[in-house]
Amino acid sequence: MRKLVAGGVVGIAVLLGGSLLAVDRLFGDGPSGGPAPTVPDAPEVAAPAGPLPPREVLDALRSATTPDNSALLARLEKEKEVTPAPPPPPKGSWEAVPVSSLRNRSLGSLGASVQAELNELHEPLARCFDEETEARHGAGAVAVIKDAQPPDEGGATSLVLQLETRSGEVLVVDAPVETRGSAGDGTLACAQRLLRGKVLQVPGATPGERHRVRYSLSP
């Protein structure tokens with residue numbers, strides 16, 4: 001009886017040992033039973049300070065193959081320069097009134113009537129291009145527009161008429177230069193003297209309106 005019990009105990013031990021070995025192979029740390037190889041943690045990458053450059057700049061950096069990147073650095077410095085937008089014109093100033101054409105639909109019949117009145121002034125204005133007349137007005141002051149965009153030196157000569165409507169008439173307050181063209185200071189001063197303060201008869205005009213319109217000046 002004792003031999004039978006002893007044999008049973010040995011058999012159970014053998015079975016238990018085999019089970020533990022199988023479990024160790026299935027769920028152990030490695031095929032040899034040793035500790036599993038450790039995987040190093042991914043290195044931490046610090047976030048870059050400040051905003052990233054634009055995408056095209058990053059692409060240029062990636063494609064740069066020469067050590068001399070002076071041109072690229074100059075480009076980066078240039079892109080950092082931000083030109084501030086010009087401040088809005090003061091409320092109530094002439095610069096706050098948009099510049100349009102006499103043929104603009106927003107002027108309606110007013111534009112056509114003003115154009116007809118200005119046509120009557122073409123002959124005296126054309127005389128401002130005479131050498132004698134230009135010389136006589138050469139010392140006169142020339143008014144220019146005060147908009148954010150400075151007057152253009154090229155192209156055809158054009159003025160910006162500052163118009164105020166009254167009852168049945170339109171007053172030309174001033175006529176600053178927008179494009180000088182080939183006209184000299186004497187010609188411009190002469191034309192402004194003729195236009196400044198001119199009252200145009202415009203039936204149907206109602207008081208209280210202000211307009212700025214381009215006016216081409218030619219001989």
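All figures in this text were calculated on a predicted structure; none of them were measured in a lab.
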Contact summary for Ser93 and Pro90, nearest pair of heavy atoms: OG-O, 2.6 Å
Beyond-backbone contact of Leu110 with Leu102, side-chain heavy atoms, under 4.5 angstrom: no
Common cluster, Leu121/Val202, ILVMFWY with side-chain heavy-atom separation under 4.5 Å: yes
Leu125 side, atom CG; Leu217 side, atom CG - distance, nearest 0.5 Å: 6.0 Å
Flag, side chain of Ser167 to backbone of Pro207, donor-acceptor distance under 3.5 Å: no
Heavy-atom closest contact (Ala191 atom, Leu159 atom, distance): CB-CD1, 4.4 Å
Over all atoms of both residues, closest heavy-atom pair of Cys128 and Leu194: SG-CD1, 3.9 Å
Side-chain heavy-atom pair Val172, Leu200 within 4.5 angstrom cut-off: yes
Using distance only, find each side-chain donor-acceptor pair of residues 208-215 under 3.5 Å and give its atom names and separation, not counting sequence neighbours.
{"residue": "Glu209", "atom": "OE1", "partner": "His211", "partner atom": "NE2", "Å": "3.0"}
{"residue": "Arg210", "atom": "NH1", "partner": "Gly92", "partner atom": "O", "Å": "2.9"}
{"residue": "Arg212", "atom": "NE", "partner": "Trp94", "partner atom": "O", "Å": "3.1"}
{"residue": "Arg212", "atom": "NE", "partner": "Val97", "partner atom": "O", "Å": "2.8"}
{"residue": "Arg212", "atom": "NH1", "partner": "Asp147", "partner atom": "OD1", "Å": "3.1"}
{"residue": "Arg212", "atom": "NH2", "partner": "Val97", "partner atom": "O", "Å": "2.9"}
{"residue": "Arg212", "atom": "NH2", "partner": "Asp147", "partner atom": "OD2", "Å": "2.9"}
{"residue": "Arg214", "atom": "NE", "partner": "Glu178", "partner atom": "OE1", "Å": "3.0"}
{"residue": "Arg214", "atom": "NE", "partner": "Glu178", "partner atom": "OE2", "Å": "3.1"}
{"residue": "Arg214", "atom": "NH2", "partner": "Glu178", "partner atom": "OE2", "Å": "3.3"}

Straight-line distance of Leu163 CG to Asp174 CG, nearest 0.5 Å: 11.0 Å
Contact summary for Leu188 and Ala183, nearest pair of heavy atoms: CD2-CB, 3.9 Å
Nearest atoms (heavy-atom pairs only) where Thr157 meets Ser182: OG1-N, 3.8 Å
Heavy-atom check, side chain of Val177 versus side chain of Gln192, under 4.5 Å: yes
Under 3.5 Å donor-acceptor, Thr165 side chain and Thr206 backbone: yes
Ser113 side chain to Ser109 backbone, donor-acceptor under 3.5 Å: yes
Sub-4.5 Å side-chain heavy-atom contact between Leu195 and Leu161: yes
Arg196 vs Val173 side-chain heavy atoms within contact, under 4.5 Å: no
Atom pair SG (Cys190) and CZ (Phe129), whose distance is rounded to the nearest 0.5 Å: 9.5 Å
Considering only distance and modelled atom types, tabulate donor-acceptor pairs under 3.5 Å from the side chains of residues 131-144, sequence neighbours left out.
{"residue": "Thr133", "atom": "OG1", "partner": "Arg127", "partner atom": "O", "Å": "3.2"}
{"residue": "His137", "atom": "ND1", "partner": "Thr133", "partner atom": "O", "Å": "3.0"}

Side chain Ser101, main chain Arg103, donor-acceptor under 3.5 Å: yes
